[in-house]
Amino acid sequence: MSPQLVELLVTATLQTIYMVAASSILGTLIGLPLGVFLATSRRGELLSAAAANRVLGLVVNATRSVPFIILVVAIIPFTRMLVGTSIGTTAAIVPLTIAAAPFIARLVETSIREIDSGLIEAARAMGATPAQIIRKVLLPEALPGIALGLTLAVVSLIGYSAMVGAVGGEGLGDLGIRYGYQRFMPSVMLAVVIVLIVMVQLVQSVGERIAARYDKRAPKDRGR
Amino acid sequence: MTVAAPLRTMTEGTSISFRGVSKVWPQAGGAEVVALRGVTLDVPARSITGIIGRSGAGKSTLLRMANGLERPSSGQVLVGADDVGAARGAELRQIRRSVGMIFQHFNLLANRTVRANIGLPLEIAGVPRAEIARRTAELMELVGLAPLADRYPAELSGGQKQRVGIARALATTPCVLLSDEATSALDPETTRSVLALLSDINRELGLTILLITHEMAVVRQICSHVAVIEAGEIVEAGDTYEVFARPRHPVTRSFLTGITTVALPQFIADRLRPERPAGPSQAVVQVTFVGDHATDPMLARLTRDLGVEVNVLAGAIEEIGARPFGNLLVGLEADREDDSRAYLERHGLMTRGLGYVAATG
């Protein structure tokens, strides 16, 4: 590969990292509280707001059922309103975040629902407020599961970020399509795929390490 | 075992009283499930009171009312001067801090160390960090877990986990401790040591303990008072020794089977008939020795004074609440049953006819 191509590859990698990192962070900022709310707000639960739970559940499901490539196109007006343009790396963060947030919310919800209800009861018996139960019991106990869920979300976002290349986003996917496919340069395609594989591997092993580090359950109780 | 580092005496003693407490769960279609029907029960201050019942009898619902985890449909639940059933929000949370609770499955946080688990109620109560460190150290000493302070629950045995549960329940210096089948998941030996710890805590800290169990052996080992619950109603309640000595309700008797009753040898049980047969026969009588008479040689006196020959078929003498309690199954000549039983009862023993066995040729 020529030095120009190497430079393109490096730029595209950084763009992908930027898009994935930004949308992961924003998606978590929205998805984490949403997931906590979904996990604790059915009738008779900690926050007990059944109507709000149902409405948010519907919104989450609706968002998750739209194929990502359709979502990207469908929200172009919204993206333009937010970022001023619908083309480019920063603009791509908007659909990526909107796709990530409900996904993360469901992953967080599942992790929290796995916690033994006896722990919530014990905390209530200690005189804990719902906020204290969430902060001191649910989140720390669900942390390993949440870490694994976020790993899964980031890996999915790496995949999605390649798709936004099709609508003017930049990054590795865009490079692979335009040079590897349209200009028929198999070496570029190969390089893009290798970089993506390395990124996914890194994210996965870091995520697993964090999850294991905070998981003090007996081995037999893990991954319920 | 003695309590290593006594904490300050927490209270002058707090009693719990349930007054006409009912709990009804409405079901779909207008039906309802009645868990408790007008339960009235007084748990004396500083007592260890056991509520015993089969599963589904309502004992868990009743216990959980004492810290507001369940709300009565009607009636009143008082802990000391606090009306727990009527308390809401911040007031209820404040009451809960003075009522500790331990659980069958311990309910410890897997991702917190022993020390941090014990400190949790203090964090919740907003106690300063230095004070939490001091207090948790004291509590770990109390329950004998100091060397395990930095372990996680997954590394502990069941008995150790329950000790953590007990230390955690005591963290906020409560005046009442609720125990929800705390020893049901433990083996017999561990059960005994955990019960001994509860008994020490009761004595040294003056804590009122209300526990539920389905095992009479638990009641026998530590309870000063007992209440028997069946189908949402208290069918019998009182001083443990009195209830053991004079059980009135069939449910109580069935719980006491194997605890205060001794089994007849099989070859006699097989021949036992409720009606007295024609011809020579023996009456089988259960004689219960309680209190001061438990150690008197009454059967020897019966033979001496009335000339009745007594066949001892089975028997045991044990201790309940540090008082001797004896039970004998004896065979007497059927003709002499009435005057023998009258003689024994006159001398403070209790007798109960179990049936008759025809004399073998």
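Proteins get letters first, then strands, A, B, ... in listed order; numbering begins at 1 in each.
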Problem set entry | Under 3.5 Å: donor-acceptor pair, side chain of B:N111, backbone of A:P140 |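 A pair under 3.5 Å: yes.
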
Problem set entry | N/O donor-acceptor pair under 3.5 Å between B:N107 side chain and A:G118 backbone |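 Confirmed, B:N107 side chain pairs with A:G118 backbone.
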
For this session: Inspect the surroundings of CZ in B:R129 and state if more than 12 heavy atoms from other residues, nucleotides or ligands are less than 6.0 Å away.
Result: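 No, not enclosed.
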
Exercise. What do you reckon, is CZ of A:F68 surrounded by more than 12 foreign heavy atoms closer than 6.0 Å?
Worked result: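 Buried by this count: over 12 neighbours within 6.0 Å.
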
Problem set entry | Which atoms of B:L92 approach chain A - backbone, side chain, both or neither, heavy atom under 4.5 Å |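 Neither; nothing under 4.5 Å.
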
Exercise. Who in residues 31-42 of chain A is close to chain B, using a strict under-4.5 Å heavy-atom cut-off?
Worked result: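 Answer by number: none.
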
Exercise. Does B:R64 pair with A:E121 as a salt bridge, N-O distance under 4.0 Å?
Worked result: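 Yes, B:R64 and A:E121 are salt-bridged.
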
Problem set entry | Residue selection (most heavy-atom pairs with chain A, distance under 4.5 Å) from B:A169, B:G68, B:A154, B:A110 |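 Max contact count across the listed options: B:A110.
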
Problem set entry | Contact leader toward chain A among B:I95, B:L108, B:V99, where contacts are heavy-atom pairs under 4.5 Å |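 Most pairs with chain A among the choices: B:L108.
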
Exercise. How about A:R124 and B:R96: do any of their side-chain heavy atoms sit closer than 4.5 Å?
Worked result: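 Of all side-chain heavy-atom pairs linking B:R96 with A:R124, at least one is under 4.5 Å.
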
For this session: Answer yes or no: is there a side-chain heavy-atom contact under 4.5 Å between B:R168 and A:M126?
Result: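 In short, these two side chains touch, coming nearer than 4.5 Å.
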
Closest heavy-atom contact between [X] and [Y]?
X      : Y      : value
B:R93  : A:P130 : NH1-CD, 4.4 Å
B:N67  : A:A125 : ND2-CB, 3.5 Å
A:Q132 : B:E123 : NE2-O, 4.4 Å

For this session: Working to the nearest 0.5 Å, report the span between CG of A:D116 and CZ of B:F106.
Result: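 Between A:D116 CG and B:F106 CZ, I get 12.0 Å after rounding to 0.5 Å.
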
